[in-house]
Amino acid sequence: MTLANKVAAELEEMPPSSAVSLQVGVDFYLDAIRAVVDIYASKRDIEVVYVTATISYQAITDILKALEIDSSKVHFVDCISHTMMSSSLQGSQVLFVESPTMLENIMLKTEYLLRKSGGKEKMVLLDSINSLAIHNSNNVLSEFLHIFVSSLRSKNVNTLILSVMEHTSQELSNMVNLVCDSTIRAREEETP
Amino acid sequence: MVEDEKGRDRCRTGIDSLDNILYGGIPRSNTILLTGSCGTGKTSLALEFLLHGAIEGENSMFVSVTEASEKLLANVIPYDFFDKKLMSSNKLVLIDLPVLYERLGLMKAELSMEEVGLLVSGIMDLVKELKIKRLVVDSITSIGYKLKTQEKIRDFILRLAKGLSTAGCTSILVSEVSTGSQGYSTFMVEEALADGIILMANMERRGDLLRTLQVIKMRGTTHSRAKYVLDLTQVGVLMVPLLKGGGSG
């Protein structure tokens, strides 16, 4: 069993309305996306709202295409393209937030996509807390996580908060742990 | 129809987050001042209030003072819940006030006190005839410029609010204020006479411009006085609390 399959298997155990901290090694980042979007969500017919603050929507969809992952049930909130001054053409699967500092707008766009999506089971993937931490203070980020995760729980939506181990301070890790029910750790040299 | 614990009948706006802020909705028959500078979403929110009312079977009327209703409709957000049948069935009625001015012979630049009464009667006749339960006047500020004096503006609002309350009509008077204005209305009398004040604003924070909403007062109900960030979307107005650690505001 591959590491991605093992992560997906752990996600299967995730109870409804829960929040999970997904801590991955930097070399496992793409496999983690595959584990969540393809092996876990796609197979279970889960609608995913993918909040990307790390790489642009265009780059993510190119990666998914290259990995031959079906992204038809993935909707994106892209908070980085505007900041990079890169192309942010509206598409049916993406909404743009002007800056990763506009945390309220991330919540609003996510709410909108959740309302628009027709699936019974829904999940939000936040990629990543490290990228948001570059642009926001720990105070406001902590407040954001608390409100965001609580709001998603109340709507019976599962939340996955992605962090890259090598870039995560103890303080950031504590902040994520405070709002999450469980943690999945995945890097090449260790089994989750 | 929603009632609070004291039995006060509520008019649900249909905007979930606003109804939550107001603990169920606007106390029925109240007149609310919806105020803010340009581009804050006042017209969209007011129109959504009417649309939800019309969908729920309450006859609703939008009185457009400066913008022709055709232009208004052309620029309106393509709401998922907007159905043109609401207009053909007269559940949602759009009135251009300049047309009413013309019918009533009120085309002059400034109205007298008697003509203020005539204008109120003209609007109230429509409210009664069409059995209107939700009304929006966009904007009371533009009417104010035609009335000129605080006395006449006060008289207009008092008479209109009384008539609407008697008719069981819940109303929103849209007020335009300049950016950075200290008060909630241009002529200062509007805010004192309204049963409630909802303030919409553009808030700049570290170079980001956020749309915000805050209920300043609402007679007849307890309500949140916190500031919320909003988004105007096809599913209607969405709101989340303003993050306190986020700086100014």
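Here Arg115(A) is the residue among Glu111(A), Met107(A), Arg115(A) with the most heavy-atom pairs under 4.5 Å with chain B. Contact count against chain B (heavy-atom pairs under 4.5 Å) is highest for Leu108(A) among Leu108(A), Leu103(A), Asn139(A).
Of all the heavy atoms in Gly245(B) and Ser137(A), the pair that sits closest is O-OG, 4.5 Å. Nearest heavy-atom pair, Leu209(B) versus Met102(A), reported as atom, atom and distance to 0.1 Å: O-CE, 3.6 Å.
The line from CD of Glu104(A) to CG of Leu242(B) is 5.0 Å long, rounded to the nearest 0.5 Å. Between the CG atom in Leu243(B) and the OG1 atom in Thr101(A) there is a gap of 11.0 Å [rounded to 0.5 Å].
Interface residues of residues 144-151 of chain A toward chain B, defined by a heavy-atom distance below 4.5 Å and sorted by number: Phe144(A), Ile147(A). Residues of residues 233-240 of chain B having a heavy atom under 4.5 Å from any heavy atom of chain A, listed by number: Thr233(B), Gln234(B), Val235(B), Leu238(B), Met239(B), Val240(B).
For Tyr184(B), the OH atom sits in a loose shell: 12 or fewer heavy atoms of surrounding residues, nucleotides or ligands are nearer than 6.0 Å.
Taking 4.5 Å as the limit, some side-chain heavy atom of Val229(B) sits within range of a side-chain heavy atom of Asn105(A). Side chains of Glu98(A) and Asp208(B) form no contact here, defined as non-hydrogen atoms less than 4.5 Å apart.
At least one donor-acceptor pair closer than 3.5 Å links the side chain of Glu143(A) to the backbone N or O of Lys244(B).
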